[in-house]
Amino acid sequence: MSSPKIVVRTGYKLSLNNHDRSELYNSRDKKYVDGILDYYKEDKKRVINMIDYFTGKINKHEDINLVLEDGSHASEKDIVNRKKYINKQFNNSNVWQMVLSIDKKFIDKNISWDDLEKKLATEILPTFFKSMGFVDAKKMCYEFSLHTNTKHPHFHISFMEKEPNTYERNNKIAYRRFGKIPKKSINVLKREVIKVAERENMFRPLATNINKDIEDIRNLFDPGTKNFVLYDRDNIFLEEKILKLGKLLNERNVSYNSKIKFNSIKDQEIKDLTKEVRDDLFRLNKKLKISKSNFNNSIKNMNSYFEGLNKRNHISVEDVDLTYTKGKEKYLDNLILNSIVNHARYKYSNFENKVIDKDDIIQSIILTEYEKDEEYDKKDIVKNSLSNVGMSKYKFQQQIYNAIRNIDRELNQASEEYERIMKQTKKEKVRWY
């Protein structure tokens, strides 16, 4: 088995006011916390910039290789002020420490150490704090330094709460009482380091594919495009469901806002009907089927990448974090459902007759089948269609035959008009281009 790309070791000191600490160690722990930053900035352990090496400015820096929350390097004055703050804040907040050891070849292949420092300060650690249960990363005091005096470069990291930043069981915010860092959070830290390092080479191309697939589906739900899937006159059954949905939204006062959000709808009948329309669309529309298949494949590829992150760090695949892909799936589904309810409201409010009656449905069946084979008897079409849906004893038979006669009449009139125009054209010797 290959070695893990990231190794994390952790430690902590409980705050002086923590109910779980022993007063026996107060003096010793105060001294230990006071020396943390001195150890971090020790010159023989800190990273040396190659420019400094060639210019002879080694150990002559105004800025020390101690990185603060915004990714900047601390000055000597910053360090003095921070030591005072940490000593004072140690009365209330625990002090946590971590050593983050990273495979050098892996980092050199994917990202510069300077860029990794900035990302660690501004992206990775805030995500890690959230996984630990801290409410707001901005209410955390943290710093770290990169040491290169060993075979494996490593970061020394320390952090504490600036103010109460953890929810207790009674749902009140207080200083965190427990010191041990959960294994789940350590795994989050490992994954985030690799993900950030590989962002350009691995993560970003996969994420770009997902976003492109979402955009393709979004365009199919855009009323301004010719491919708008919710406007399908050939599918009269779908149109009926959309009008019924619009009617429900109107009757139950769901559509009073300028734009409806599906997740704000409480009415279960409306929610079920909306999802039914969505399912019909993805079952019947070829373009949607293809786009959704592409999206599913992109999600699958990203999930495989996340599983690989775990394997490379010897983390159980069962503990894989799929928050990113699940969020994309949820976003797309909400986008579709929002489009359906808003279109349904618009369609209903602009539909003159408000209702599609049974004769319209029967006529749609007849016309669809008649277009396939004009020699086929239209009355047989009706009988077969009704029989197929278990309606052979349909009680509106007279209306059905009326609908057939109407279609016959329209076709005959169109044929007669065509013949009349052609005769007139020949008589007048009109030339057609």
Side-chain angles (χ1 to χ4, degrees), residues 1-12 94 96-107 109-111 116 119-137 140 142 144 152-159 161 165-169 176-211 295-333:
M1 182 181 289
S2 60
S3 300
K5 301 297 181 186
I6 313 290
V7 176
V8 179
R9 297 187 298 277
T10 65
Y12 62 89
N94 301 338
W96 289 272
Q97 289 179 274
M98 295 189 299
V99 178
L100 182 64
S101 182
I102 310 176
D103 180 79
K104 185 177 185 300
K105 291 181 180 179
F106 170 74
I107 296 300
K109 179 182 176 181
N110 290 285
I111 191 173
L116 182 59
K119 299 296 183 183
L120 182 62
T122 59
E123 294 182 22
I124 298 171
L125 287 177
T127 300
F128 165 73
F129 295 144
K130 184 178 180 180
S131 75
M132 274 190 70
F134 292 115
V135 178
D136 186 354
M140 301 299 293
Y142 57 97
F144 59 85
H152 297 289
H154 55 277
F155 289 98
H156 283 270
I157 306 168
S158 61
F159 58 95
E161 295 170 280
N165 200 25
T166 305
Y167 279 111
E168 292 185 318
R169 291 179 180 177
R176 190 182 185 94
R177 181 171 179 176
F178 301 105
K180 185 176 180 180
I181 298 175
K183 184 178 179 180
K184 180 179 179 181
S185 297
I186 294 173
N187 290 340
V188 167
L189 179 64
K190 291 178 179 180
R191 281 192 293 259
E192 288 300 310
V193 171
I194 292 186
K195 196 163 69 176
V196 164
E198 292 182 333
R199 179 171 291 166
E200 295 302 321
N201 297 328
M202 298 290 293
F203 178 79
R204 192 181 296 280
L206 292 171
T208 299
N209 287 339
I210 292 175
N211 291 334
F295 174 77
N296 290 341
N297 287 334
S298 295
I299 291 291
K300 183 179 179 181
N301 291 337
M302 181 64 87
N303 287 342
S304 296
Y305 171 67
F306 289 146
E307 289 174 6
L309 292 182
N310 280 25
K311 289 179 181 178
R312 283 183 283 166
N313 274 303
H314 301 178
I315 303 171
S316 171
V317 177
E318 295 176 358
D319 191 34
V320 63
D321 181 9
L322 302 181
T323 304
Y324 177 85
T325 49
K326 287 180 179 178
K328 290 293 184 179
E329 289 174 315
K330 184 177 180 180
Y331 170 80
L332 178 60
D333 198 40

Inset, instruction - Sequence neighbours left out, what passes ring-ring contact (aromatic ring centres under 6.0 Å, His included) with Phe129? Give chain and number order. - result: Tyr142, Phe159
Legend entry - Validation row: Lys328, Asn211 side chains within 4.5 angstrom (heavy atoms): yes
Inset, instruction - Could you tell me whether the side chain of Met98 reaches within less than 4.5 Å of the side chain of Phe155, counting heavy atoms only? - result: no
Can a donor-acceptor pair be found between the side chains of [X] and [Y] at a distance below 3.5 Å?
X	Y	result
Thr166	Glu161	yes
Asn110	Asn201	yes
Asn187	Asp319	yes

Legend entry - Centroid separation Phe134 to Trp96 less than 6.0 Å: yes
Inset, instruction - Could you pull out all residues at least two apart from Ser101 that satisfy side chain to side chain contact (heavy atoms under 4.5 Å, CB included)? - result: Val7, His152, His154
Inset, instruction - Please identify each residue that fulfils side chain to side chain contact (heavy atoms under 4.5 Å, CB included) with Glu307, with sequence neighbours left out. - result: Val317, Val320
Inset, instruction - List for me each residue that meets salt bridge (charged side-chain N to carboxylate O under 4.0 Å, His left out) alongside Asp333, sequence neighbours excluded, and say none if there are none. - result: Arg278
Legend entry - Arg199: salt bridge (charged side-chain N to carboxylate O under 4.0 Å, His left out) partners, not counting sequence neighbours: Glu123
Legend entry - Pairs involving residues 182-193, ordered by first then second residue, that meet salt bridge (Lys or Arg N to Asp or Glu O under 4.0 Å) (sequence neighbours left out): Glu192-Lys195
